[in-house]
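Worksheet for the structure shown next.
Quick note on labels: first sequence line is chain A, next is B, and so on, each numbered from 1.
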There are 2 protein chains.
Amino acid sequence: MPDTAPATIEDVARIAEVSIATVSRAIHTPDKVAKSTRQRVNQAIAITGYTTNAMARSLRMGRSNMILILAPDIGDPNFSSTLIGLENEARAHGFGVLIGHTQNDPERGLEYLKFLSSGQATGLVLFTGHEPFGHQVVGQRLPPSVAVFEPVFGSKISYVGVDDVAGARKAAEHLLSAGHRAIAFIGDSKTRLGHQRRRQGFDKALDAARIPPNQRFVLEGEGTIESGRLAVEQLFMRDQLPTAFMCVNDATAVGVINGLTARGYDLPHDFSVIGFDDVPQATYVNPALTTIRQPRTAIGRQAMSLLIKSLAERPTERQEILLMPDLIVRGSVTGPAKR
Amino acid sequence: MPDTAPATIEDVARIAEVSIATVSRAIHTPDKVAKSTRQRVNQAIAITGYTTNAMARSLRMGRSNMILILAPDIGDPNFSSTLIGLENEARAHGFGVLIGHTQNDPERGLEYLKFLSSGQATGLVLFTGHEPFGHQVVGQRLPPSVAVFEPVFGSKISYVGVDDVAGARKAAEHLLSAGHRAIAFIGDSKTRLGHQRRRQGFDKALDAARIPPNQRFVLEGEGTIESGRLAVEQLFMRDQLPTAFMCVNDATAVGVINGLTARGYDLPHDFSVIGFDDVPQATYVNPALTTIRQPRTAIGRQAMSLLIKSLAERPTERQEILLMPDLIVRGSVTGPAKR
DNA sequence: TTGTACGCGTTATCAA
DNA sequence: TTGATAACGCGTACAA
């Protein structure tokens, strides 16, 4: 197998005995070329295995049809299923997607930005995961972009994500309707907007149920397993205990469950726990975690749809699309224990 | 902020009052240009914010400095940390990486192959995950490539992965040295090479300990949680029970643990379980899983290093690099129960 | 319906 | 040390 250079449009033209212009036309505007010629061209393409050189094409056209997806952490359980939604939608519109991994390193982010500005990608999806991506992006001249899962702080970039307030409210109401009145909120945050919104939803539900807010039942945390565990320890140093835990996300919930189990409690009999996100892991803990499911694939689909629209129309209006999450009932919530 | 077009080399040349050739030289071979001129050029670059257009560059050069990483499933727990190794090594050599997600869909794979053949990427990393990528790739003219985690069946593509035989042997010996003699192997496979090798390592360890092979203790499985659970059920329909379970991977081990726990057994007291891979989840199960850790980041690093080397030298010799995994002792293995 | 020729932004060759 | 210019592969206005 000789290592021949890939065929160019000129090779095709020569074989089909036409000019390169005709080849190009046969490909992009087939009706503008005679049927017989078209057939000869197609044959020649088949023979040579010709593929248009995307670089030359994009260089000439001034834009590519690739969309760059920037993610700080590909291991994030939210990532993979959202990606599916993004990809499928892009594909349906003739776009390809490429994934860039920043590892939360601003320098890498900047490199990908260069990738963009050199025209190798036309649109940008900011998959901020849990850490705001922000600073490096703000101020840069960006191509049409959309953020998912967490809005980009202080920018005009559109955003597609879950309705945190409504979701958290659903979770709290589930606990409430199971009979709980003493509910702790684990994972309060001063910095993360999404988590703050979840706290708001929690407050609203309690307020609607006429349960006075209890600051001793609100514990901070960064949304990690460790922070959930820690919160349990803190809580047990006080005099008053809740009957249920509402956690800002599933990781926190796993930590809470671990902490409670380690203390010898029997779940869900002794305490109820509810999470938020529905990560794969939620099914593996014991008891399986009742939680709020992020509509990940739908978020991806909508985000890409929005991006492609703005690619065509160039509207500078910022949009925010909030999707409604569902309650997933598994085994970690039951009625309050009688003590 | 006016939406000006990005600066080109010509803009820089005009401002610096030199020719574009000099600008190019000032960038790539600074010593071939007079100091004063160089300074003027650098200033002009700073003023314009010029970035070389990668597409024009690659078009001219005939090759890009991007490497495409093709993965069937980005959610695979093996993926993210391997990626880090790949990226870091690539970066160190001035290459960028892009990730393509095939979703196990041959059509998508083909599309990315087109991406390659159109020159947008120079090298290829086949992240076959657990499903052989194979068929579509074989026969295609491929750029320099390397596979990780699972060799590409029937091709000359180099491979970097873990030494499955040695790792499995380590696992079995750990069980043996804890005193186990009746050990079940869960996850035997007729199709997956890596899993077959793990079985071999298991057999070797038993053989070296002069324990006769027992076919009733070897159960098939596809390496999923479900298949681990199923294997437990099958085993309990027989008359003879093992004291320990060696699982082909962590997912299987989690299934086994779930199945055993569901039957009311107390682990690790009643049964010992060992896995393979060391996925993040391994720490969350109860008891935490003792397992064999894949040196993922190292695999990534070595694979990229090999690829870049072959990019420079074009050796067609197929290479296979096997890395030694470590035993990670956690809580799921203890001495055999006395029954 | 088809062909000629230009330009997209670079790098590299050759003269000056 | 510097500049003019060809070429990379493609799409398209313009001419035929």
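One N or O donor and one acceptor, one from the side chain of R25(A) and one from the base of dG3(C), sit under 3.5 Å apart.
At least one donor-acceptor pair under 3.5 Å links the side chain of T122(B) to the backbone N or O of S64(B).
Comparing dG3(C), dG9(C), dA12(C) by their closest approach to the side chain of T8(B) singles out dG9(C). Listed candidates were dT2(D), dG9(D), dG11(D). Nearest to the side chain of A56(A) is dG9(D).
When the nearest nucleotides of DNA chain D are assigned to L59(B) and A34(B) by heavy-atom distance, the more 5′-ward of the two goes with A34(B). For the pair Y50(A) and S36(B), both in contact range of DNA chain D, the more 5′-proximal nearest nucleotide belongs to S36(B). Nearest-nucleotide assignment on DNA chain C puts the 5′-proximal partner with T37(A), out of T37(A) and N53(B).
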Where do V125(B) and I67(B) land on the side chain to side chain contact (heavy atoms under 4.5 Å, CB included) test, with the steps shown first?
-> CA-CA 8 Å; V125(B) 177; I67(B) 286 166; 4.1 Å; yes
D163(B) and L323(B): side chain to side chain contact (heavy atoms under 4.5 Å, CB included), yes or no, with the steps?
-> CA-CA 5 Å; D163(B) 188 331; L323(B) 267 43; over 6 Å; no
Test R108(A) against Q103(A) for side chain to side chain contact (heavy atoms under 4.5 Å, CB included), laying out the working first.
-> CA-CA 8 Å; R108(A) 283 174 209 243; Q103(A) 293 184 33; 3.5 Å; yes
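Atom CD1 of I27(B) is separated from atom P of dT10(C) by 8 Å (rounded to the nearest Å). If you take CG of D11(A) and C1' of dC10(D), they are 13 Å apart, rounded to a whole angstrom. Rounded to whole Å, atom P of dT1(D) lies 15 Å from atom CD of Q39(B). Rounding to whole angstrom units, CD1 of residue I20(B) and P of dA7(D) are separated by 15 Å. Look at CZ on R63(A): it is 13 Å from P on dT12(D), rounded to the nearest Å. If you take NZ of K32(B) and C1' of dT13(C), they are 11 Å apart, rounded to a whole angstrom. Between the CD1 atom of I9(A) and the C1' atom of dG11(D) there is a distance of 8 Å, given to the nearest Å. Rounded to whole angstrom, the span from the CZ atom of R60(A) across to the P atom of dA13(D) amounts to 8 Å.
For R57(A), a side-chain nitrogen or oxygen approaches OP1 or OP2 of dG11(D) to under 4.0 Å. Within the 4.0 Å cut-off from OP1 or OP2 of dT4(C), not a single side-chain nitrogen or oxygen of S19(A) is found.
Note on S58(A): nothing from the nucleic acid sits closer than 4.0 angstrom, heavy atoms only. Using a 4.0 Å heavy-atom cutoff across all strands shown, M55(A) reaches no nucleic acid atom at all.
Using a cutoff of 4.0 Å between basic side-chain nitrogens and carboxylate oxygens, R91(A) and E89(A) are not scored as salt-bridged.
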